Protein chains: 2
Amino acid sequence: MSDSAPPEVILDHRCSNCPVRHHAICAVLDNQSSHALSDIMVHKQLVPGQPLWSDKDEAHLFAIIVSGTVKLFKMLADGRQQIVGLLFPSDCLGRAYSETQQTFAEAVTNVELCCFPRQQFEHVLTQHPELEHALLEKTLTDLDNAREWMIALGRKTASEKIASFLQQMSRRSELTRCPNHRPTPDLPTFVLPLARAEIADYLGMTMETVSRNLTKLRVDGVIRLIDGQTVEICDADRLASLAEPQ
Amino acid sequence: MSDSAPPEVILDHRCSNCPVRHHAICAVLDNQSSHALSDIMVHKQLVPGQPLWSDKDEAHLFAIIVSGTVKLFKMLADGRQQIVGLLFPSDCLGRAYSETQQTFAEAVTNVELCCFPRQQFEHVLTQHPELEHALLEKTLTDLDNAREWMIALGRKTASEKIASFLQQMSRRSELTRCPNHRPTPDLPTFVLPLARAEIADYLGMTMETVSRNLTKLRVDGVIRLIDGQTVEICDADRLASLAEPQ
DNA sequence: AAAAGTCGTTGATAAAGATCAATTTGCGGA
DNA sequence: TCCGCAAATTGATCTTTATCAACGACTTTT
């Protein structure tokens with residue numbers, strides 16, 4: 001159910017030891033400036049399904065994801081849910097410059113966070129324009145990704161959505177994979193962080209339709225389901241043409 | 001078809017005369033700093049349907065919308081379209097810090113733009129952290145709005161989408177309406193900037209379904225269609241409960 | 001003023017996906 | 001190892017919305 005290490009107590013939280021040090025927005029700070037952040041930093045561990053906040057909550061927390069996956073989602077009064085963001089290591093979690101959260105946030109796997117009180121983080125932002133710039137670039141990319149997903153939600157068929165999702169997850173796992181430890185000739189393989197019902201909430205459809213379409217891809221030889229959560233892409237070209245016809 | 005003035009040649013483009021001066025991101029610059037922008041500013045007029053750029057184009061332009069409506073949209077190879085952003089006066093148009101546009105952009109009505117060469121605009125941004133901050137706040141709001149729309153696209157029914165859209169357009173028109181010129185006791189009325197097919201591309205459905213649902217709201221007495229594009233909200237409460245049940 | 005478009009509405013039918021229901025699979029604990 | 005629960009798959013049916021088609025209301029052209 002989880003693709004991250006079990007929650008061990010990690011004692012050394014110095015930035016110099018941080019696994020996402022070179023990918024997160026804090027990378028732009030020099031050693032001296034990074035104290036401004038490390039002085040207010042608190043580490044936190046979450047277990048799968050653990051909620052972080054609700055949509056009406058006050059935004060008190062800003063964090064960098066060190067390991068694991070977090071989902072951001074919205075909910076209608078009758079319980080219908082839509083995942084509006086999936087966050088991975090080095091991503092930012094929390095809404096700077098807003099008093100309220102606007103989305104729910106919940107750990108999908110075991111998660112390790114590097115947390116800052118929001119207002120203190122904002123104070124550091126105003127004193128370090130290069131950090132604010134990095135946050136702007138990250139936010140612009142988040143917006144690009146949200147828009148890319150909007151055409152999937154609004155205009156793609158169920159099978160196109162599933163193919164797009166698998167492509168996206170495969171691409172994401174490439175980034176995480178240790179580059180010098182890659183048994184070259186095998187096919188791209190990754191663990192789905194989301195359960196079927198969560199995939200459905202991400203794609204705007206039902207669990208059953210997700211399942212049927214995964215089965216179809218398996219039967220057609222496009223993917224292999226090694227276990228329920230582990231996917232091997234057997235035919236990346238065909239997957240790509242299913243994700244965006246033509 | 002258009003809710004903005006016909007394209008007259010406006011001679012005076014000084015910032016002090018700008019109608020969106022106090023709402024756009026440039027409002028944060030003091031008089032002296034604003035010269036950095038006004039020195040590289042070029043005004044541009046667009047007519048309805050006029051394309052600004054395509055998704056693969058180089059991002060050479062950054063602009064503030066002075067009047068009119070612009071749509072940002074994505075397209076699949078077979079022609080399916082999804083509007084991923086609607087931009088109104090004081091909104092930013094263009095992707096800072098990216099070489100490519102990623103979306104199509106097209107004038108919906110007559111449009112007046114205050115344009116800057118992107119790279120020169122970025123140069124001003126790096127020299128004026130308060131301007132970059134304003135752009136960050138704007139981008140964070142855009143992301144909030146995109147996520148709000150994602151739950152509509154993924155989880156709302158056709159009638160809920162239409163009701164949400166009308167609410168959103170009504171709210172938007174309140175902002176634009178001159179506050180001291182409001183014949184108080186009448187019902188909220190606004191002009192839809194989008195044609196039926198464009199509303200469909202915004203809501204992720206077909207023109208026919210848009211039309212049927214507008215008719216249903218009219219027959220049920222929730223709205224009145226004064227002409228094809230002008231909508232009067234007769235029962236805002238009922239519209240709200242249709243947009244988000246419960 | 002007729003003709004030709006374009007846009008929007010309405011109707012009939014089809015298809016995609018949701019819903020409801022029944023198994024099956026996998027996993028943790030006794 | 002077996003039991004019990006949760007998650008996933010599969011099947012049957014129903015609903016919503018898309019598609020295909022016709023027509024009416026305006027606009028623009030000639």
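Since the structure is predicted, the reported quantities are computational estimates derived from the model, not experimental observations. To find a chain, count down the sequence lines: A is the first, B the second, and so on, and within it residues start at 1.
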Between atom [atom1] in [X] and atom [atom2] in [N], what is the gap in whole Å?
| X | N | atom1 | atom2 | result |
| --- | --- | --- | --- | --- |
| A:Ile162 | C:dA16 | CD1 | P | 16 Å |
| A:Leu192 | D:dA7 | CG | C1' | 14 Å |
| A:Glu160 | C:dA15 | CD | C1' | 15 Å |
| A:Leu203 | C:dA16 | CG | P | 18 Å |
| B:Lys216 | D:dT17 | NZ | P | 12 Å |
| B:Glu208 | C:dA12 | CD | P | 15 Å |
| A:Lys161 | C:dG17 | NZ | P | 8 Å |
| B:Leu214 | C:dG8 | CG | P | 10 Å |

> Are any of B:Ser211's side-chain N or O atoms less than 4.0 Å away from OP1 or OP2 of C:dT10?
Replying inline: no
>> Can you see if the side chain of A:Thr206 gets near the phosphate of C:dG17 - specifically, an N or O under 4.0 Å from OP1 or OP2?
In response: no
>> Quick test of your reading: applying salt bridge (charged side-chain N to carboxylate O under 4.0 Å, His left out), list the pairs with at least one residue in residues 58-69 of chain B, sequence neighbours left out, ordered by first then second residue.
In response: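 As it turns out, there is no salt bridge (charged side-chain N to carboxylate O under 4.0 Å, His left out) pair with a partner in residues 58-69 of chain B once direct neighbours are skipped.
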Which nucleotide wins on minimum distance to the side chain of [X], given the candidates [options]?
| X | options | result |
| --- | --- | --- |
| B:Arg196 | D:dA18, C:dG8, D:dA8 | C:dG8 |
| B:Arg212 | D:dT19, D:dA8, C:dG8 | D:dT19 |
| A:Ala158 | C:dG17, C:dG8, D:dT10 | C:dG17 |
| B:Thr209 | D:dT9, D:dA18, C:dT19 | D:dA18 |

>> So if I apply the side chain to side chain contact (heavy atoms under 4.5 Å, CB included) rule between A:Val66 and each of A:Pro19, A:Pro89, A:Ser90, which one comes out positive?
In response: A:Pro19
>> If we check side chain to side chain contact (heavy atoms under 4.5 Å, CB included) with B:Ile162, which of these qualifies: B:Leu239, B:Thr157, B:Ile223, B:Leu214?
In response: B:Leu214
> 5'-most contact on DNA chain C: B:Val210 or A:Asp227, nearest heavy atom basis?
Replying inline: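 Its nearest nucleotide lies further toward 5', so the answer is B:Val210.
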>> Taking the basic N atoms (NZ, or NE/NH1/NH2) and the acidic carboxylate oxygens, is any pair closer than 4.0 Å for A:Arg95 and B:Asp144?
In response: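 So A:Arg95 pairs with B:Asp144 through a salt bridge.
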>> Quick check: on DNA chain D, is the nucleotide nearest A:Arg155 upstream (toward 5') of the one nearest A:Arg218, or the reverse? Name the residue that is more 5'.
In response: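 Looking at DNA chain D, the more 5' nearest nucleotide goes with A:Arg218.
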> Between A:Ser164 and A:Lys156, does any side-chain donor sit less than 3.5 Å from a side-chain acceptor?
Replying inline: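 A:Lys156 and A:Ser164 do have a side-chain donor-acceptor pair below 3.5 Å.
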>> Need one value for A:Met207: base, sugar-phosphate or nothing, where a base atom within 4.0 Å counts as base even if backbone is also close, heavy atoms only.
In response: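 If one applies the 4.0 Å heavy-atom cut-off, A:Met207 turns out to touch a base.
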